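Some notes on the structure that comes next.
Predicted model, so just to flag it, every value in this text is computed and none were measured.
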2 protein chains.
Amino acid sequence: MTQFLKSHRCFDCKDCNNKSPITKSLSDKHLEVLNKDRFEVVFKPDEMIYKQGTSATHIIFLTSGLAKVYIEGFQNKNLIIKILKEGEYAGGPGIFSDTRHHYSISALKETTACFIPVENWKTLIEENKDFNMDFIRSLNRQSIFTFDKMMSLTQKQMHGRMADALLYLSKEVYGKPLFELVLSRQDIADMTAMSKDSAIRVLKEFQSEGIITEQAKAIEITNMQKLENISQFG
Amino acid sequence: MTQFLKSHRCFDCKDCNNKSPITKSLSDKHLEVLNKDRFEVVFKPDEMIYKQGTSATHIIFLTSGLAKVYIEGFQNKNLIIKILKEGEYAGGPGIFSDTRHHYSISALKETTACFIPVENWKTLIEENKDFNMDFIRSLNRQSIFTFDKMMSLTQKQMHGRMADALLYLSKEVYGKPLFELVLSRQDIADMTAMSKDSAIRVLKEFQSEGIITEQAKAIEITNMQKLENISQFG
DNA sequence: TGTTTACAATGATATATATCGATTTACATA
DNA sequence: TATGTAAATCGATATATATCATTGTAAACA
């Protein structure tokens with residue numbers, strides 16, 4: 001008989017709480033609301049967590065692993081809009097509007113996602129002013145992030161966009177200049193809105209100019225200053 | 001002595017109410033909160049309503065006219081993200097996060113904007129659940145709109161992007177296939193993330209193919225079906 | 001009326017980027 | 001170890017787009 005585990009890693013939202021800034025302002029009572037109907041699912045690399053177009057019934061928190069959030073376009077062309085890491089959540093803009101997912105999320109490595117019903121999230125919004133404001137603030141930060149990305153993608157050429165993507169991975173996702181590369185070349189192309197071949201070429205150029213070093217499945221940024229210059233003027 | 005008029009056009013938010021869906025759920029009491037400290041300013045064409053980078057202290061409603069919302073990039077390259085029309089509002093993602101404006105808004109023709117202090121807006125959010133949900137919904141719809149734009153700009157080539165811009169103007173801004181063109185060629189270029197010269201060229205091509213007709217300061221879409229095809233496959 | 005000025009248009013050219021075909025490499029599996 | 005398969009690489013080429021220099025046009029103005 002199939003067993004659905006309530007929790008693989010987290011036994012209670014209280015334990016998870018310190019990982020996710022968004023839930024900071026919740027009282028024990030409200031953490032219990034969050035905890036009540038949640039369930040966790042473990043995804044293998046490349047498995048889909050959300051599928052664009054499906055019904056948006058749950059908010060997800062990543063309790064472990066890494067996932068890519070991407071919009072599926074025409075002719076198999078995707079655009080990766082962000083990388084989700086442990087402790088971060090994703091609702092998607094459809095949550096309270098048309099209740100559909102406007103992007104897909106898939107696991108980049110073994111990843112655990114915690115699913116929280118939208119109705120419970122709504123309860124928190126309605127009953128806790130601070131949480132509500134934190135949520136709105138987080139939506140706003142999302143927008144600012146998206147605007148930045150849009151400017152990078154539409155106004156810089158390939159080298160500048162690639163620099164931005166590498167800086168994003170290094171600074172915001174991993175927090176260090178040497179990081180494992182779970183993304184394929186195609187993924188990197190999808191982050192920078194260029195063809196796979198171009199992504200390969202630009203990365204090679206960065207390597208031969210000593211800006212990055214690639215060994216096995218890792219990338220190290222060896223000349224951060226130069227990369228930031230390229231980001232700014234490329 | 002300089003006179004600051006409380007209102008040029010609207011005497012009370014109650015009168016304005018039917019124009020703006022976002023305020024639909026407000027009671028008389030809360031409309032009074034909205035009304036209390038608001039003030040209107042008339043802008044001449046090309047004048048700046050918000051300047052990117054400045055302090056985000058007010059939400060604005062357009063009570064008349066038309067304005068462009070755009071992000072100022074590097075080397076004078078701007079990206080127009082939307083056109084604001086009568087009854088619509090703009091807060092900007094900085095409102096409740098870093099209290100800075102992340103985009104500029106300037107008038108495209110004589111335009112009246114009503115300024116509402118952020119604190120009053122916040123009061124409404126905190127005291128009226130329905131309004132709060134409407135506001136969140138509206139933020140979400142904004143995000144969906146931005147995602148769509150980002151996909152258009154990064155995954156379509158010039159003709160497709162131009163088609164999208166024209167369809168946007170026709171369907172969402174003016175609501176009809178014949179409309180006055182208050183935008184310059186540079187503006188259109190800034191909407192479609194291409195150079196001014198390219199924008200001119202693509203528009204000329206659309207004209208010679210009978211997709212649009214341009215007379216004086218107006219554009220008419222004469223072959224909507226064809227334009228939609230170009231939008232989809234270009 | 002002529003003159004200025006900003007905007008629009010256009011052809012020639014340069015540049016950025018995508019595409020294609022052919023190899024190579026890495027890795028999983030028999 | 002052999003072998004199949006997907007991913008990465010690379011050069012040649014085609015295409016899309018920007019840039020530049022020039023001309024045209026129409027509204028504003030002296």
For [X] and [N], what is the distance between atoms [atom1] and [atom2] respectively, to the nearest whole Å?
X      : N      : atom1 : atom2 : answer
B:E205 : C:dG11 : CD    : C1'   : 14 Å
A:I200 : C:dT24 : CD1   : P     : 16 Å
B:H159 : D:dT15 : NE2   : P     : 14 Å
B:M158 : C:dT15 : CE    : C1'   : 14 Å
B:M194 : D:dT15 : CE    : C1'   : 16 Å
B:Q157 : D:dA14 : CD    : P     : 17 Å
A:K156 : C:dT15 : NZ    : P     : 22 Å
B:F206 : C:dA9  : CZ    : C1'   : 17 Å

**OP:** Ignoring backbone atoms, test whether B:S198 places a side-chain nitrogen or oxygen under 4.0 Å from the OP1 or OP2 oxygen of D:dA18.
**Re:**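 True: B:S198 side-chain N/O within range (under 4.0 Å) of D:dA18 OP1/OP2.
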Subject >> B:Y50 side chain to B:S106 side chain, donor-acceptor N/O pair below 3.5 angstrom >> reply: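 Short answer, no.
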Original post:
Looking just at side-chain N and O atoms, do A:T63 and A:E40 make a donor-acceptor pair shorter than 3.5 Å?
Top reply: yes
**OP:** Identify which one of A:T192, A:D190, A:V69 satisfies the side chain to side chain contact (heavy atoms under 4.5 Å, CB included) criterion when paired with A:I80.
**Re:** A:D190
Subject >> Check: B:F39 ring centre within less than 6.0 Å of B:H58 ring centre >> reply: yes
**OP:** Would you mind classifying the nucleic acid contact of B:K196 as base, sugar-phosphate or nothing, using non-hydrogen atoms under 4.0 angstrom?
**Re:** nothing
Original post:
Is there a donor-acceptor contact under 3.5 Å from the side chain of A:D164 to the main chain of A:R161?
Top reply: no
Original post:
Going 5' to 3' along nucleotides 21-28 of chain D, which nucleotides have protein heavy atoms under 4.0 Å from the base (write B), which only from the sugar-phosphate (write S), and which from neither (write -)?
Top reply: B-------
Original post:
Taking all atoms of both residues into account, what is the closest heavy-atom pair of B:A163 and B:F206, and its distance?
Top reply: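 In this case the closest contact between B:A163 and B:F206 is N-CE2, 4.1 Å.
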Original post:
Is there a donor on the side chain of A:R201 or the base of C:dT19 sitting less than 3.5 Å from an acceptor on the other?
Top reply: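 Side chain to base: pair found, below 3.5 Å.
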Subject >> Distance under 6.0 Å and angle within 45° of ring axis: A:K149 vs A:Y168 >> reply: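 Judged by the rule (NZ or CZ under 6.0 Å from the ring centre, within 45° of its axis), A:K149 counts as positioned above A:Y168.
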